[in-house]
Amino acid sequence: TKHIGMSKTLSTNVLHYIAMTIAASMAEELGKTNEAAQFTTQAENLKNAIKSAFYLADKKTFSTMKTTFLDYSAVDKRDLLGEALTILSGVADNAQTAEIIAEYPVTEAGPAVIFPQEPDTKIYHNRAIWPFVTSYGLRAAAKAGNDKFYENAFMSLVRGAALNLSN
């Protein structure tokens, strides 16, 4: 677990970016222009760092994480929550937004939480569809204007609710 704790993840960094943009907006609303400018600068610096560190241009996607000192490179693994947050927060630009959703792998059951899956690894993220993550994927697909992904994710949520007689 030490290396997991030392790693850098896409979704956590994007959430920090979102928090900084909210802090900048709140400072602006309170008339604290110096603090607003500081938060805005920090947010933009983090946004650029996220794009630099996590974006895999050849795959047209963001990596889910960067590992520890053993290997600083971005992992060739996708994470629906992290990628959806890049789209919804504006970390991903318009061209990246369209590519991310178009390239995210889906199955008949819906989009997986992570991809590629690791069939021999028994962890709770693996081979799973989490409705709250799928919901963020829906919002990202709507922003990207990708009807195919949206329909797949929507039907995944409907199917899950119908099969379990619960929302």
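For the pair Tyr17 and Met20, the minimum side-chain heavy-atom distance is 4.5 Å or more. Contact annotation: the side chain of Ser63 never approaches that of Leu10 to less than 4.5 Å [non-hydrogen atoms, C-beta and beyond].
For the side-chain contact (heavy atoms from CB on, under 4.5 Å) with Phe62, the lone residue among Thr86, Asn13, Val14, Leu85 that qualifies is Thr86.
By the side chain to side chain donor-acceptor pair (under 3.5 Å) test, Thr107 pairs with no residue at all, sequence neighbours left out. Residues satisfying the salt bridge (Lys or Arg N to Asp or Glu O under 4.0 Å) test with Lys51, not counting sequence neighbours, are Asp93. Qualifying salt bridge (Lys or Arg N to Asp or Glu O under 4.0 Å) partners for Lys148, counting only residues two or more places apart in sequence or in other chains: none. A search for salt bridge (Lys or Arg N to Asp or Glu O under 4.0 Å) contacts involving Lys32 returns nothing, not counting sequence neighbours. With sequence neighbours excluded, no residue forms a ring pair (Phe, Tyr, Trp, His ring centres under 6.0 Å) with Phe149. Judged as a side chain to side chain donor-acceptor pair (under 3.5 Å), and not counting sequence neighbours, the contacts of Ser73 are Asp71. In this structure Gln96 satisfies the side chain to side chain donor-acceptor pair (under 3.5 Å) test with no other residue, sequence neighbours excluded.
The line from CZ of Phe54 to OG of Ser11 is 8.5 Å long, rounded to the nearest 0.5 Å.
Residues Leu138, Tyr150, Phe154, Met155, Val158 make up the rest of the hydrophobic cluster containing Leu157, defined by ILVMFWY side-chain heavy atoms closer than 4.5 Å, directly or through other members.
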Can I get a per-line list of side-chain donor-acceptor pairs under 3.5 Å for residues 37-50, giving both atom names and the distance, sequence neighbours left out?
| residue | atom | partner | partner atom | Å |
| --- | --- | --- | --- | --- |
| Thr40 | OG1 | Ala36 | O | 2.8 |
| Thr41 | OG1 | Ala37 | O | 3.0 |
| Asn45 | ND2 | Thr41 | O | 3.4 |
| Lys47 | NZ | Gly90 | O | 3.2 |
| Asn48 | ND2 | Glu44 | O | 3.2 |

Distance-only check: which donor-acceptor pairs under 3.5 Å involve side-chain atoms of residues 74-83, not counting sequence neighbours?
| residue | atom | partner | partner atom | Å |
| --- | --- | --- | --- | --- |
| Asp76 | OD2 | Lys59 | NZ | 3.2 |
| Lys77 | NZ | Pro116 | O | 2.6 |
| Lys77 | NZ | Glu118 | OE2 | 2.9 |
| Arg78 | NE | Thr61 | OG1 | 2.9 |
| Arg78 | NE | Glu83 | OE2 | 2.9 |
| Arg78 | NH1 | Glu103 | O | 2.8 |
| Arg78 | NH2 | Thr61 | OG1 | 3.1 |
| Arg78 | NH2 | Glu83 | OE1 | 3.0 |
| Arg78 | NH2 | Ile100 | O | 3.1 |
| Asp79 | OD1 | Leu81 | N | 3.2 |
| Asp79 | OD1 | Gly82 | N | 3.3 |
| Asp79 | OD2 | Thr64 | OG1 | 3.2 |
| Asp79 | OD2 | Gly82 | N | 3.4 |
| Glu83 | OE1 | Thr61 | OG1 | 2.7 |
| Glu83 | OE2 | Thr61 | OG1 | 3.0 |

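Linking Ile, Leu, Val, Met, Phe, Trp and Tyr residues whenever their side-chain heavy atoms come within less than 4.5 Å places Ile101 and Phe132 in a single cluster. Transitive grouping of hydrophobic side chains (ILVMFWY, heavy atoms separated by less than 4.5 Å) keeps Tyr104 and Leu56 in distinct clusters.
A distance-only check finds a donor-acceptor pair linking the side chain of Ser156 to the backbone of Ala109 [under 3.5 Å].
Taking each heavy atom of Asn152 and Pro111 in turn, the nearest pair found is OD1-CD, 3.4 Å.
Counting non-hydrogen atoms of other residues, nucleotides and ligands closer than 6.0 Å to OH of Tyr136 gives a total of 12 or fewer.
Listed by first and then second residue, the salt bridge (charged side-chain N to carboxylate O under 4.0 Å, His left out) pairs involving residues 104-113 amount to none (not counting sequence neighbours).
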